[in-house]
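Report on the following structure.
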Amino acid sequence: RRWKGTVFSETWTSCVKNMAYACIVAFICKSIPNIEEALSGFSILWGQLLSVTTFTLTFFLNQAYALWRKCHEVSRRFQGRLNDLGMFAASHAKRTTVNNPREKSTYTPEARQFLELMARYVRV
């Protein structure tokens, strides 16, 4: 109950099965004489396939990472331009005039409505 839904609870059965298979294969390899000579051709094949597989996986992983970086870069740039647009609108929005210099001015109702509408569109 404590481990339910965790990685451990999802993978322990397949891990135990794989360990059992590995022990069986190791026992068979130890009990059959000259098994290493019989399987030496697979060692060469394994080495060749390993290099091709490694190259293929590395190439496509590099391409996927480059695409992700480009999308991330473009989206961050776009986010920055939207932020610039919001700052530009906020700095040029019409404000009320105040008589006392210690009071803060506020946006006019039309300017506030425009800025809120623009902020809503930017968040969509």
Side-chain angles (χ1 to χ4, degrees):
R1 191 170 173 209
R2 178 178 171 182
W3 303 103
K4 187 174 182 167
T6 63
V7 172
F8 180 73
S9 70
E10 298 294 325
T11 59
W12 78 270
T13 54
S14 63
C15 182
V16 169
K17 287 178 190 176
N18 286 334
M19 288 189 323
Y21 294 147
C23 289
I24 292 169
V25 168
F27 178 73
I28 291 172
C29 287
K30 292 287 183 184
S31 63
I32 300 176
N34 299 329
I35 190 76
E36 291 180 14
E37 292 175 15
L39 297 177
S40 65
F42 286 109
S43 176
I44 296 168
L45 180 66
W46 179 265
Q48 291 174 349
L49 287 178
L50 182 65
S51 61
V52 170
T53 305
T54 303
F55 169 74
T56 305
L57 288 176
T58 304
F59 175 76
F60 284 111
L61 182 65
N62 187 30
Q63 293 298 314
Y65 181 70
L67 177 66
W68 177 82
R69 289 289 300 165
K70 186 67 175 173
C71 290
H72 186 263
E73 176 187 329
V74 168
S75 63
R76 285 298 196 176
R77 192 180 309 149
F78 185 68
Q79 182 183 21
R81 296 306 74 79
L82 287 175
N83 186 44
D84 292 345
L85 184 64
M87 294 294 261
F88 179 78
S91 65
H92 287 81
K94 189 172 183 178
R95 294 177 167 269
T96 57
T97 55
V98 291
N99 296 333
N100 188 353
R102 293 184 184 185
E103 291 181 12
K104 294 182 179 179
S105 64
T106 58
Y107 294 117
T108 62
E110 298 84 17
R112 178 171 293 284
Q113 183 181 8
F114 172 76
L115 291 174
E116 287 175 359
L117 178 69
M118 192 167 152
R120 189 178 79 209
Y121 286 157
V122 166
R123 283 190 296 266
V124 169

**OP:** In plain terms, say whether E73 and R77 are close enough for a salt bridge, that is, a side-chain N and a carboxylate O under 4.0 Å apart.
**Re:** yes
Subject >> T106 OG1 to R112 CZ distance, which is reported to the nearest 0.5 Å >> reply: 7.0 Å
**OP:** Mind checking the NZ-OG1 spacing from K104 to T96? Nearest 0.5 Å is all I need.
**Re:** 13.0 Å
Original post:
Could you go step by step and tell me if C29 and V25 meet the side-chain contact (heavy atoms from CB on, under 4.5 Å) rule?
Top reply: CA-CA 6 Å; C29 287; V25 168; 4.2 Å; yes
**OP:** Can you label the angle between the H92 ring and the F88 ring as parallel, tilted or perpendicular, going by 30° and 60°?
**Re:** tilted
Subject >> Spacing of L49 atom CG and T56 atom OG1 [to the nearest 0.5 Å] >> reply: 10.5 Å
Subject >> Qualifying residues under side chain to side chain contact (heavy atoms under 4.5 Å, CB included), relative to T53, sequence neighbours excluded >> reply: L57
Subject >> Test applied, side-chain contact (heavy atoms from CB on, under 4.5 Å); reference residue, V122; option that passes from N83, L82, L117 >> reply: L82
Subject >> Minimum heavy-atom distance K94-A111, with the two atoms named >> reply: O-CB, 3.4 Å
Original post:
Is I35 linked to I28 within one hydrophobic cluster, defined over Ile, Leu, Val, Met, Phe, Trp and Tyr using a side-chain heavy-atom separation of less than 4.5 Å?
Top reply: yes
Original post:
Heavy-atom count around I44 CD1 within 6.0 Å, excluding the residue itself: above 12?
Top reply: no
Original post:
So, for S105 and R95, which heavy atoms are closest and what is the spacing to 0.1 Å?
Top reply: O-NH1, 3.2 Å
**OP:** Count the heavy atoms belonging to other residues, nucleotides or ligands that lie under 6.0 Å from CG of N99, then report whether that count exceeds 12.
**Re:** no
Original post:
Within a reach of under 6.0 Å around CD of E36, are more than 12 heavy atoms found that belong to other residues, nucleotides or ligands?
Top reply: no
Original post:
From F60 CZ over to Q63 CD, what is the distance, rounded to the nearest 0.5 angstrom?
Top reply: 8.0 Å
Original post:
For the residue pair A90 and Y107, what are the closest heavy atoms and their distance?
Top reply: O-OH, 3.4 Å
**OP:** Drop me the distance from D84's CG to Q79's CD, to the nearest 0.5 angstrom.
**Re:** 11.0 Å
Subject >> hydrophobic_cluster_shared for I32 and L39, side chain cutoff 4.5 Å >> reply: yes
Original post:
Atom SG of C71 and atom CZ of R76: how far apart are they, to the nearest 0.5 Å?
Top reply: 13.5 Å
Original post:
Around atom CZ of F114, are there more than 12 heavy atoms of other residues, nucleotides or ligands at under 6.0 Å?
Top reply: no
Original post:
Which pair of heavy atoms, one from S9 and one from W12, lies closest together, and at what distance?
Top reply: O-CD1, 3.5 Å
